[in-house]
There are 2 protein chains.
Amino acid sequence: MNKRLEQKQKTREQIREKARIVFLRKGFLQATTAEIAEAADIAHGTLFLHFSSKELLIIEILDQVLEKVSRQIEIQLSSSLDCEQMLSSYLDFLEQEEDIFVILARELPYYSDELRRKIIFRQSIIRGHIHRVIQEGITVGKLIDCHPAMAVTVFFSTVDYFLKLKPVFVEEGSVIARFKQDILEIFRKFLQKDHSS
Amino acid sequence: MNKRLEQKQKTREQIREKARIVFLRKGFLQATTAEIAEAADIAHGTLFLHFSSKELLIIEILDQVLEKVSRQIEIQLSSSLDCEQMLSSYLDFLEQEEDIFVILARELPYYSDELRRKIIFRQSIIRGHIHRVIQEGITVGKLIDCHPAMAVTVFFSTVDYFLKLKPVFVEEGSVIARFKQDILEIFRKFLQKDHSS
DNA sequence: AAACTCGGTGACTGAATACTCACTCAGAAG
DNA sequence: CTTCTGAGTGAGTATTCAGTCACCGAGTTT
């Protein structure tokens, strides 16, 4: 009975799977629909039967990827207790998924409003965790009395900069791994109250 | 006498002038050679008699713009004595030339190696000034004992982030003007040794 | 088994866009 | 005045895309 429907869903899933791979390798803007269709072993036109535009395909895949990434990162961050440990966890996670974050750092300004909003919304959840821990640090007097939101922005900006210009900083391998200790050290010095050491 | 040569130079200058305007309005990557030709009131093909590729035209215009910008900023910075004053001057200057810096913040990862190197080289001169002042501040004990190069990177990253995502932060007007005080405040708190106030 | 349905096909379209080239004609040269 | 030169022209080429459509044929219904 459902041979047709089954095949249809299988095709759609195949597109999703291959699109994810192609998008993560070439970036959402650079990847072409023809390339994705070829990878999924379907005709170019078939792709548009399942996703009426490239934009919608990007939204679906990006949502899926962000969802997974956010969930994992939430788990890591919620088990971190102090600020430095949390920043360290966050950087570990970025390193693990560096390819996608490099793409986002570069392409974000060129996405449609909808896409940008989705990404920034996801990020704001992560920011919330770090914000909270900084606020606590300030309250108990361990961290300097600064505006936590701004401190978080500065941290994210720095990471973003290394991701965006990755090829300038490293020839190969992870740029986050390379600069993790430097980033952690400067923020430790920036944020911690005690400079007596 | 040389009416022909004169006209040729005039045309070349016209291309340069209009290209600068179009590039600064649409960005170097978005602007098209056809559009520039139309603005300069010449045939599309004529542009390629004067500049053998779009890349070369970009390099010439960008060099010209960066040259001017760097010179002005050098003047401003060399008259600044302390760190905060220098950062403030730098932000003032960015605000004044914000359009071009927004373009560079977004497009930098997509430029050819040559273009990127030119831009980063110019920036490194500016970084040098700030680096020097931070180093001095540390030596005399006014600033915390951090790695100055990393501090400079964090500062530039932050500014770059606001520029890159300008439309997220402000609907219209200057994003630097809007966040100048916040940026200066956080870096004051980050860098200054005395947190007693 | 005939008629119908609909997922899939891939050649095609049209819009951009960088770049080329055969040709023109104003102005220089003799 | 005649011939030559070369800056300028703009139609044309080549390429790259996202997106469309007339058609096919396997599977479903009658």
Hey, does A:F28 have a side-chain heavy atom less than 4.5 Å from the side chain of A:K54?
no

In whole angstrom, what separates A:Q9's CD from C:dG8's C1'?
16 Å

Ring-face cation of A:R12 near A:F51 (centre distance under 6.0 Å, axis angle within 45°):
yes

With a 4.0 Å cut-off on heavy atoms, is A:I42 in touch with a base, just the backbone sugar-phosphate, or nothing at all?
sugar-phosphate

Quick one: are the ring centres of A:Y161 and B:Y161 less than 6.0 Å apart?
no

Here the distance between atom P of D:dG6 and atom CD of B:E6, to the nearest Å, is 18 Å

Strictly under 6.0 Å, is that where the ring centroids of B:F156 and B:Y90 end up?
yes

Output the rounded distance in Å from CG (A:L47) to P (D:dC17).
15 Å

Parallel, tilted or perpendicular: which describes the rings of B:F169 and B:F162, with under 30° parallel and over 60° perpendicular?
tilted

Closest listed nucleotide, where the reference is the side chain of B:A43 and the choices are C:dG7, D:dG10, C:dT9:
D:dG10

Round to a whole Å and report the spacing from NZ of B:K8 to P of D:dT9.
14 Å

Measure CG/B:L5 against C1'/D:dT5 and give the value in whole Å, please.
13 Å

Rounding to a whole Å, what distance do you find between B:R12:CZ and D:dG6:C1'?
16 Å

Per-nucleotide protein contact along nucleotides 11-22 of chain C, 5' to 3', at a 4.0 Å heavy-atom cut-off (B base, S sugar-phosphate only, - neither), is ------SBBB--

note: A:E38, atom CD; C:dT9, atom C1'; distance rounded to Å ~ 15 Å

Just by distance, no angles: are the side chains of B:S112 and B:R117 close enough, under 3.5 Å, to form a donor-acceptor pair?
no

Is there a side chain to side chain donor-acceptor pair (under 3.5 Å) between A:K166 and A:S174? Walk through the geometry before answering.
CA-CA 8 Å; A:K166 175 173 177 176; A:S174 162; over 6 Å; no

What is the distance from CZ of A:F23 to P of D:dA18, rounded to the nearest Å?
9 Å

A:H50 side chain N/O closer than 4.0 Å to the phosphate oxygens (OP1, OP2) of C:dG8?
yes

